[in-house]
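Everything quoted here is computed from the prediction, not taken from an experiment. Here is how names work: the chains are called A, B, and so on, in the same order as the sequence lines, proteins then strands, and each is numbered from 1.
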Amino acid sequence: MNNGFFARRYVIQGIFIAVALLLAIRLFYLQVIDDSYLLSANNNVLRKMVVYPARGVILDRNGKILVQNEPVYDLMVVPREVGNIDTLELCRLIDIDLEGFRKRFNKAKSFSPYRESVFEKQLSSQTYARLQEKLFQFRGFYVQNRTVRSYPDSIAGQFLGYINEVNDKDIERSNGFYRPGDYIGVSGVERAYEEMLRGQRGVQNLMVDALNRPKGHYMDGKYDTLARAGEGLVSSLDLEVQKLAERFLKNKRGAAVAIEPSTGEILAFVSSPSYDPNLLVGREKGNNYMKLLNDPNKPMFIRPIQAQYSPGSVFKVVSALVAQQAGMLNEKTIFYCGGGYHYGRGHVMRCMHVDGSINLIQAIQHSCNTYFGYTYATMLDKRKMKPEKAYSLWREAVMKFGIARDLEIDLPNERKGLLPTADFYTKRFGNANWTSSFNISNSIGQGEVEITVLQMANIMAIVANRGYYYRPHLIKSIGEDHVIKKEFTEKIDVGVEERYFEPVIEGMSRVVNVPGGTGYSVRIPGIEMCGKTGTAQNPHGKDHAVFFAFAPRENPKIAVAVLVENMGFGGSWAGPIASMMIEQYLKDTITMPKAIQERVLNGNNLYVPEEEKSTSGTVAAVQNKSKQTNRQKDTTNQQASLKAVLNKND
Amino acid sequence: MTNQRNIFGGNIDWVTILIWFCLCIIGWFNIHAAVFDPEHPSIVSLNTNYGRQFIFIIASMITAFFIMMIDSKFFNYISPVFYGITLLLLVLVLLVGQNVGGNQAWISIGAFKLQPSEFAKLSSCLLLARYLGDYTNKTPNFKTLFFGALILLAPVCLIMLQPDTGSAMTFFSLVFVFYREGYISGQLLLFALLCIILFILSLLFSEWYIIGTLFVLCALGAFLFRRNRKAISSAIILFVASAVFVLFVDFAYNHILQPHQRHRIDVVLGKIDDPRGKGYNLRQSKIAIGSGQLFGKGYLQGTQTKYNFVPEQSTDFIFCTVGEEWGFVGSMVVVSLYLALLLKVIQIAERQRTSFARVYGYCVASIFFFHFFINIGMTIGIVPVIGIPLPFLSYGGSSLLSFTVLLFILLRFDSNRKGLV
């Protein structure tokens, strides 16, 4: 039954259809045309969590841990998502003040309001535990797991190096491998083996709910990538020897290097003063770094490979070997020492002793300056060629021992040392007619010659091996498969026949094992150690104490060089340390008398920062010592030092 | 449409029942998706919303079955009593009701919660149908309109006291019934539309700008028709009336509406951008639907609804789940189903032999339309957020049952339309 308003049904139906159309159009716009909502939805729900790989662990040669990883937690923030939160509560939980909160927040906001940035770095596990329970209250904040380095024995800081957050340059250089927030090795092994240690970053696409709680993986982890941990490294260090050397070198400036001659593996690598590598980890890192950097004793300076010293006696060993190989010297050669080597017009290079007529073995034993002055003169002046040419030949032979050249150790920033070319002297003396008298101090490893402690130890390894060495290296093997770099297994010959080594070794043995020898006090019972004390000339202060040795004489296992700056005679400072290192390594005990141990332990020649003003001149001078003597233009200084040098031997 | 005789002794419109069934099932699946917890996917359990909704659907089917068995005259006779009972319940809920989310809308009976306002819609429709049906052969007059409106005004006032503005507003949709029955002219409907436009404008702009603009327009109209005295006078009346209206709206907005209602209106009108505060619901709802794109993210794959970004996602914002997981295509299926249902209900209403059944049919259409438009409209940001459910889809026993009863009483009339009432 219809009334007169039947037609109105069409109006109503029309309205219904119109409204349905309106909804349809709006839905079409929202869902099909406008993409921004999809983006917002992903922003809502997707949390891209970078999974940082654990950096490779570094072990000592016996599998003891040198560096491991410790979990820390970075508090991240996405400023746009931060709602109305209890700021004070958050500040209390992570132990910052309101001003600090504002600063951090504004920094994050200025970086990007939409993207996450680090709000507070490296929260400890305890802080994280407290924070985690309440994290849901702080919308826009979440926590990212990281690891930091941790050093259980606090040793080998300069050897291991440290890591930093990558800077813009690193990122650019890496072709996008690194992203802001990644860590990169800056020095030491961390830098040299960065590619192996760093591992591969992973990504997790997590979904979070409205309360910012993780709810599982987007698309069941289809777009996630796993983090691959960095390769572990087995270093060649012997933790115990390293610890011992660091302990005894404490409070002294100096360096010690021990090498296994049969492999080139470095057993100890000490730079003193050292620092606790744990200082360069965590939230206090910045402050600690500045402190270390401003320390007048320069703990960041990697002395074994960066500090160059006059080699002193070790050079006589090389000199003797090279001369024998050249046929200019043999075991029976005798020179007369009347207390000094006379050269030029009335100059004398003095000896400590008057040795009389001595042969090579005795010369090594007594470290006779005169004998090696004659040897050097013979090498240059008596070879039926111009001394300039002879010098070049001599230099070439000497350089084969790793002097004045990169040993290519697996650490960055190694320095070469110095042995001037013939041209250098020609330029300096104005013509090519110079003779051995012009640079006679080279004969005893003073003057223009400079080498690093690593090079000294390497020379000992060469002597121990009787004629060859392997590239000294700090990393024994890489990764789970214990890969050994091929270049570390290549024998390098120094071009001196084995038989020429015997008199030298015999001389060195007498230094330690014959009563009255300069190393007699540091002999090791039951082991024939061959060694030599040395005094490296230092034009800027007291001489450096040097001791280098290898042991046992037959089938040597360890070669050591120890240098203590400004401590005078080598036998009393460097000797005991080298001896203890060897004994520790070979016998795993120390028999050195307690009194000597105490004396060495208590020795202190560090610059005191309080007196910075009064000593800064000296400090700078010492720090720049190698540089200054290096500088070839600085000839006046050279000449002055030369004179001082020539009056000493050891 | 099949017109075969069956056990109910009449013709049953199976197409409408199919649409109803589809909507219920779509609702059930989407409630499942909305409360789905990927970490603890469980089988149907009575502890979850979709478990309970399953019970409600079964209950609704049984109820529908019984309604089809009841003699259609019964609804006519019972309507005043039923109306009286629901009014009593509405009073009762104000006294002993439970306050949920600021609305005193629920009466607890054991484990079940009853929402009297849902039943008030049904009883008001039945009584209105009976009242208007009785006067259908007379010329529509103001007196009938007035008393008809009064039938609605009583529950509206009681519901406003809860205060459940959303449910109360539903009654205003019955303006379509009065229009269809000739109590309201087309001009009036147009006038109402103009009022709404003026209402929105006066909220958006300062009232003095609008009054000024109106003055210019009316003066222009009066000037153009200056020979026609009647035009001039109507222009003046129009201006005064609109000016008063605008001022009233301004007053009502500032002094009658509650702060949260004001806020919702402001958000929809774009007067304030507040994605974190009150606008959060709307923004998250739009993100959920918008991120569904053309084909949706797939069943149970919606992240916005699953992870609680959208509030009230199984009740008022159930359409978000549809939009997110089924995309534009799925949304269009739902919108089309509703449109089909609405047109079907009007078709059924128009073929009734009694005015009572026809008026009732239009009541049903109006209420469905209002819920459909307002609910979906609010999720996509074209109407303010008003908390009313989407018929058959939203979770909730009271609403599912009352919408089902509303629909099946009409189907009952329809199945019997060839008999006598």
Side-chain angles (χ1 to χ4, degrees), chain A residues 1-47 80-84 139-140 205-220, chain B residues 37-39 136-137 140 176 179-182 186 189 276-277 283-284 286-294 296-297 301-304 306-311 323-324 327-328 331-332 335-336 338-339 342-343 346-347 349-350 352-355 358 362 365-366 369 372-373 376-377 380-382:
Chain A
M1 190 198 278
N2 291 311
N3 60 11
F5 299 101
F6 177 73
R8 290 192 171 183
R9 68 174 286 191
Y10 298 116
V11 176
I12 293 171
Q13 282 176 338
I15 291 172
F16 287 1
I17 292 169
V19 163
L21 262 175
L22 177 70
L23 293 178
I25 291 167
R26 175 71 175 160
L27 281 167
F28 186 76
Y29 174 76
L30 274 184
Q31 297 186 296
V32 182
I33 294 177
D34 193 345
D35 275 343
S36 70
Y37 290 102
L38 183 64
L39 209 69
S40 300
N42 287 341
N43 279 344
N44 258 349
V45 82
L46 278 187
R47 202 63 77 248
R80 190 187 55 116
E81 290 181 3
V82 174
N84 215 356
R139 212 185 127 86
N205 296 286
L206 286 187
M207 295 190 290
V208 295
D209 69 2
L211 295 177
N212 212 15
R213 293 174 301 209
K215 283 288 176 185
H217 294 251
Y218 180 60
M219 301 284 281
D220 286 328
Chain B
D37 183 348
E39 283 167 17
T136 194
N137 289 327
F176 286 117
Y179 170 71
R180 166 61 184 87
E181 293 304 312
L189 211 59
R276 288 269 146 247
R283 174 163 171 78
Q284 293 301 337
K286 273 155 75 176
I287 287 174
I289 295 171
S291 66
Q293 308 264 287
L294 188 56
K297 296 176 185 168
Q301 301 300 314
T303 52
Q304 306 303 300
K306 200 158 59 176
Y307 296 137
N308 308 324
F309 286 96
V310 183
E324 189 185 12
F328 179 67
S331 305
M332 285 323 294
V335 169
S336 306
Y338 276 113
L339 184 60
L342 290 171
L343 297 180
I346 289 179
Q347 184 197 32
E350 288 294 343
Q352 300 307 309
R353 295 169 62 204
T354 64
S355 301
R358 185 183 66 241
Y362 269 96
S366 304
F369 169 73
F372 158 69
F373 175 46
I376 296 183
I380 55 181
I382 53 178

(request) Among the options A:Ile12, A:Asp34, A:Val32, pick out the one with the most heavy-atom pairs lying under 4.5 Å from chain B. (result) A:Ile12
(message) Does this structure show an ion pair linking B:Glu181 with B:Arg358, if we count only N-O contacts that are shorter than 4.0 Å?
(response) yes
(message) Rounded at 0.5 Å granularity, tell me how far NZ in B:Lys286 sits from CD in A:Gln31.
(response) 13.0 Å
(message) Is the distance from the ring center of B:Phe176 to that of B:Tyr362 below 6.0 Å?
(response) no
(message) Measuring only between side-chain heavy atoms, which start at C-beta, is B:Ile382 closer than 4.5 Å to B:Ile376?
(response) no
(request) Please flag which part of B:Ala288 lies under 4.5 Å from any non-hydrogen atom of chain A: side chain, backbone, both or neither. (result) neither
(request) Sort B:Ile380 into side chain, backbone, both or neither according to what part of it lies under 4.5 angstrom from a heavy atom of chain A. (result) both
(message) Using a 4.5 angstrom heavy-atom cutoff, name the option from A:Ile33, A:Val19, A:Leu22 with the most pairs to chain B.
(response) A:Val19
